[in-house]
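Here's the structure we're looking at; comments come further down.
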Amino acid sequence: MLKIGVLVSGGGTNLQAIIDKIVDGTIPNTKIVSVVSNKENAYALERSKKYNIDGKCIKPSDYSSRVEFSEALKNHFISLNVDLIVLAGYLVVLSKEFVSAFPNKIMNIHPSLIPSFCGDGYYGLKVHQAVINRGAKLTGATVHFVDEGTDTGPIILQKAVDVKDSDTPEILQQRVMKEAEWIIYPEAIKLFAENRIEINDNKVIIK
Ligand code: GAR
């Protein structure tokens, strides 16, 4: 049984897409054992409650330093013996210590085709605004492993989405979620659960 911990900050639509594919059996032999938010009122926590998944808030301001926060988060997942940590719209930057405790065991979804429109400062609607400002005709989403950089880890899956002249950041965000994120995130987790992901020279090979 693959044990997953999920980190969230907001609405949790990616969390929902993953739950749906676990519940319907598409992602085999997998259980979400914990959902952790840095915000008490994140709707993602409501979603986890509906499925009796343990949900809690662990936030930086409850600790005297970032080091202590990071240590608490790390110990939480270690105590649960998680096999994979999934970032689903998590807007806190993880420390190097946290990331190095789970090598190639943390996945993230980014709402663009990496290496475009990614890195420091690119998150949520800002990404889609930047795509529109640049006049890009294609965007999409990327699932990747998390390493110590921002959006620099091995790419697992990507899916392209059209940008339309009439798009606002909000409209484009919805299209990228519906046509890419909610599809490729569960797919990437399924590949992980089936032990089909190999990493060679910082590149993912799907077996
Ligand atoms: C998603 O679009 C995700 O790609 C993005 O935040 C949104 C969260 O939505 N993540 C980032 O920008 C990370 N850099 P959700 O809470 O409904 O899943």
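Counting starts at 1 for both ligands and their atoms, in listed order. Hydrogens, waters and symmetry mates play no part in the numbers below; they use all other heavy atoms, side chains included.
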Item checked: Candidate with minimal heavy-atom separation from atom 15 (P) of ligand 1, of Thr13, Val127, Val8 -> Thr13

Note to self: Can you confirm, on distance only, whether ligand 1 has an N/O atom lying under 3.5 Å from any N/O atom belonging to Glu181?
What the structure shows: yes

Check: Looking only at N/O atoms, are Leu15 and ligand 1 under 3.5 Å apart anywhere?
Finding: no

Notebook entry, point to check: Is the count of non-hydrogen atoms from other residues, nucleotides or ligands lying under 6.0 Å from Lys105 atom NZ greater than 12?
Noted result: no

With a 4.5 Å cut-off on side-chain heavy atoms, are [Y] and [X] touching?
| X | Y | value |
| --- | --- | --- |
| Val86 | Tyr185 | yes |
| Ile197 | Met107 | yes |
| Lys3 | Leu80 | no |

Check: How far is atom 16 (O) of ligand 1 from its nearest protein heavy atom, and which residue and atom name does that atom have?
Finding: Gly12 N, 2.8 Å

Atoms in ligand 1 flagged as close to [X], the criterion being non-hydrogen separation under 4.0 Å:
| X | value |
| --- | --- |
| Ile109 | 4 (O), 10 (N), 13 (C) |
| Gly89 | 6 (O), 8 (C) |
| Gly124 | 11 (C), 12 (O) |
| Asn14 | 1 (C), 18 (O) |

Notebook entry, point to check: Is a salt bridge present between Glu187 and Lys190, judged by a nitrogen-to-oxygen distance below 4.0 Å?
Noted result: no

